[in-house]
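Notes to accompany the following structure.
On a predicted model such as this, the values are computed, not experimentally measured, just so you know.
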There are 2 protein chains.
Amino acid sequence: MSPDHDHPRPALTVDCVVFAIGDDGLEVLLIERDHEPFAGSWALPGGFVEMDENLESAARRELEEETGLTDVFLEQLYTFGATDRDPRGRVVSVAYYALVDRAHAHLAADSDAAAVDWHSVAALPGLAFDHREIVAAAHERLRGKVRYAPLGFELLPRHFTLTQLQRIYEVILDSALDKRNFRRKILAMGLLVDTGKLQRGVAHRAPRLYRFDRRRYKQLERDGFSFWL
Amino acid sequence: MSPDHDHPRPALTVDCVVFAIGDDGLEVLLIERDHEPFAGSWALPGGFVEMDENLESAARRELEEETGLTDVFLEQLYTFGATDRDPRGRVVSVAYYALVDRAHAHLAADSDAAAVDWHSVAALPGLAFDHREIVAAAHERLRGKVRYAPLGFELLPRHFTLTQLQRIYEVILDSALDKRNFRRKILAMGLLVDTGKLQRGVAHRAPRLYRFDRRRYKQLERDGFSFWL
DNA sequence: CCGTCTTAGTGTGATGTCTACACCTTGCGA
DNA sequence: TCGCAAGGTGTAGACATCACACTAAGACGG
């Protein structure tokens with residue numbers, strides 16, 4: 001029994017805005033489209049939702065198929081449904097954004113795409129569909145949410161230095177932060193654990209490595225604590 | 001040319017969580033369903049998206065058809081797509097939340113609904129589909145966002161007293177606020193204009209009426225100001 | 001092995017923000 | 001005109017934020 005058997009339905013897709021921090025600041029993962037429409041253009045990884053999978057599963061599946069990425073931080077962003085956003089007809093797209101550690105994200109282009117690559121958010125190429133608008137919405141969400149949710153850690157490896165973490169915030173918030181104030185504040189939250197290890201192989205004094213204590217964060221959150229940078 | 005002509009599509013609906021402040025605190029507008037599934041249950045106003053309307057238009061249309069409400073503050077909340085959320089088959093729903101002034105919202109039940117009425121969020125009846133989950137998500141969004149966006153004003157008439165405004169925040173944040181501190185802070189933002197009028201017909205000293213200066217807010221926002229309560 | 005280079009790591013004082021708190025004023029209605 | 005109920009107002013102490021500069025340690029090259 002169909003809910004509206006005599007009723008035409010929009011097609012439903014998911015799209016993923018994958019962010020990472022690179023040498024050029026904030027970057028987004030794009031694929032080069034192989035097929036029409038917009039063959040040859042860069043676009044967000046994504047595709048049609050299957051009938052037997054929920055939306056987040058569809059986003060994760062498409063992401064893995066088109067870029068090789070798995071086990072990433074992924075959160076629903078917004079649903080885009082302008083009637084003219086796809087030249088093929090009515091297509092509504094549920095957009096997600098993901099955060100990954102660029103250095104540890106090993107990419108694998110898929111048959112549907114000619115290429116997969118990182119692009120600086122500050123200098124995007126022309127994008128297919130309304131994908132530029134989707135990236136802009138994701139960027140804004142990231143800027144807003146990074147201050148009150150522990151998102152920064154998702155862009156780093158499990159063990160990281162405070163300087164690396166500070167750089168994440170400086171890139172996302174697009175402003176310089178004071179080293180001493182930053183360290184004091186972030187350590188005062190009690191969410192970072194000193195692993196006791198030092199970063200090796202750098203041509204200067206070796207910095208301490210920390211990790212984010214997710215368990216403790218969830219605990220504190222339940223008790224009414226809120227992350228604030 | 002269909003984007004996926006041989007591909008089955010989920011049905012697509014919109015649902016609206018309409019909030020207002022009533023005597024019992026935060027309230028939500030529900031309709032009593034006339035038809036199966038869930039005939040007789042309370043549910044959120046909503047319905048199927050037409051092929052030639054965008055998502056927000058669909059939400060506004062359904063809201064007007066089922067409750068009579070027009071010109072409300074409306075913002076997209078989240079898209080719910082669990083495969084089993086509708087017993088009729090695969091239905092994905094884009095949820096919106098709306099804020100209205102309960103005193104000035106004149107309701108008109110529609111043919112699709114046996115009744116339309118306000119219900120305290122603290123004591124909801126059993127709801128159809130996953131609508132309880134949707135209300136919970138909307139409630140959480142409202143609690144979070146009311147602190148950094150000027151949403152409170154949407155729940156009041158154009159002209160309001162500071163005590164009315166304070167009550168809005170107390171109800172939503174579920175905590176008592178200090179009168180002097182609240183007034184100082186909210187007036188310091190420079191977003192309220194004293195209309196020069198007084199509220200009449202109350203059995204005590206007549207309070208001043210203010211209005212929210214939307215134009216000035218947009219101006220300040222562009223200049224990097226951010227609302228904060 | 002010594003010097004140089006580069007980033008790590010650390011404390012304080014001044015300034016602004018937040019919090020807690022109590023009383024007089026005003027308008028209405030009895 | 002008296003009582004009632006909410007309106008409207010200031011200050012001091014605690015706390016958080018900001019600006020700011022030097023020494024420490026490790027790597028590398030000569």
Side-chain angles (χ1 to χ4, degrees), chain A residues 21 23 103 146-148 152-153 156-157 159-171 173-212 220 224-229, chain B residues 21 23 103 146-148 152 156-157 159-171 173-212 220 223-229:
Chain A
I21 306 286
D23 296 334
V146 77
R147 307 194 57 192
Y148 64 88
F153 308 102
L156 289 171
H159 297 243
F160 52 83
T161 69
L162 294 181
T163 301
Q164 288 175 320
L165 186 61
Q166 183 176 341
R167 171 144 194 275
I168 300 289
Y169 282 93
E170 290 182 330
V171 166
L173 299 174
D174 193 28
S175 70
L177 302 175
D178 180 85
K179 184 162 57 162
R180 281 174 290 191
N181 293 337
F182 178 81
R183 293 163 105 92
R184 187 149 11 106
K185 201 157 168 183
I186 202 107
L187 289 172
M189 286 194 278
L191 294 172
L192 297 190
V193 182
D194 185 340
T195 63
K197 299 181 181 180
L198 300 180
Q199 192 175 64
R200 303 292 305 272
V202 284
H204 54 77
R205 174 172 175 181
R208 286 161 185 260
L209 289 167
Y210 291 84
R211 66 179 176 79
F212 177 61
L220 289 173
F225 160 88
S226 70
F227 187 92
W228 187 254
L229 194 85
Chain B
I21 306 285
D23 296 334
V146 77
R147 308 195 57 194
Y148 65 89
L156 290 171
H159 296 233
F160 52 84
T161 69
L162 293 182
T163 300
Q164 288 174 319
L165 185 61
Q166 183 176 341
R167 171 144 194 275
I168 300 287
Y169 282 94
E170 290 182 330
V171 166
L173 300 175
D174 193 28
S175 69
L177 302 176
D178 179 84
K179 184 162 58 162
R180 281 175 289 191
N181 294 338
F182 178 81
R183 292 162 106 92
R184 186 150 7 108
K185 201 157 169 183
I186 203 106
L187 289 172
M189 286 194 277
L191 294 172
L192 296 190
V193 182
D194 185 341
T195 62
K197 300 180 180 180
L198 300 180
Q199 192 176 66
R200 304 290 304 273
V202 284
H204 53 77
R205 175 171 174 181
R208 287 160 185 261
L209 288 167
Y210 292 84
R211 68 179 175 78
F212 177 61
L220 288 174
D223 302 348
F225 161 88
S226 68
F227 186 92
W228 187 253
L229 193 85

Could you check A206(A) against N181(A) and say which one's nearest nucleotide on DNA chain C is further toward the 5' end? A206(A)
Using 30° and 60° as the class limits, which term best fits the ring planes of Y169(A) and F227(A): parallel, tilted or perpendicular? parallel
Under 4.0 Å: is that the gap between some side-chain N or O of T163(B) and OP1 or OP2 of dA6(D)? no
Could you tell me whether a side-chain N or O of Q199(B) sits under 3.5 Å from a main-chain N or O of L209(B), the two making a donor and an acceptor? no
Regarding A203(B), tell me which of base, sugar-phosphate or nothing describes its non-hydrogen contacts under 4.0 Å with the strands shown. base
Reading DNA chain D from 5' onward, which residue's closest nucleotide shows up sooner: D178(A) or G201(A)? D178(A)
What is the distance, rounded to the nearest whole Å, between atom CG of L229(A) and atom C1' of dA16(D)? 14 Å
When rounded to whole Å, the CD to C1' distance for the pair Q166(B) and dG8(D) reads 12 Å
R200(A) has an atom CZ; how far is it from atom C1' of dC28(D), in whole Å? 15 Å
Measure CZ/R180(B) against C1'/dC23(C) and give the value in whole Å, please. 8 Å
Give the rounded distance in Å between these two atoms: CD1 of I186(A) and P of dT10(C). 15 Å
Result for 5'-nearest mapping on DNA chain D, choosing between T161(B) and R205(A), is T161(B)
Determine which pairs satisfy salt bridge (charged side-chain N to carboxylate O under 4.0 Å, His left out) with at least one residue from residues 178-197 of chain A, sequence neighbours left out, and list them in order. D194(A)-R208(A)
Separation of dG8(D) atom C1' from L165(B) atom CG, nearest Å, is 16 Å
Quick one: does any side-chain atom of R211(A) pair with a main-chain N or O of H159(A) as donor and acceptor, under 3.5 Å? no
Separation of dT25(C) atom C1' from R183(B) atom CZ, nearest Å, is 13 Å
For R184(A) and dT17(D), what is the distance between atoms CZ and C1' respectively, to the nearest whole Å? 9 Å
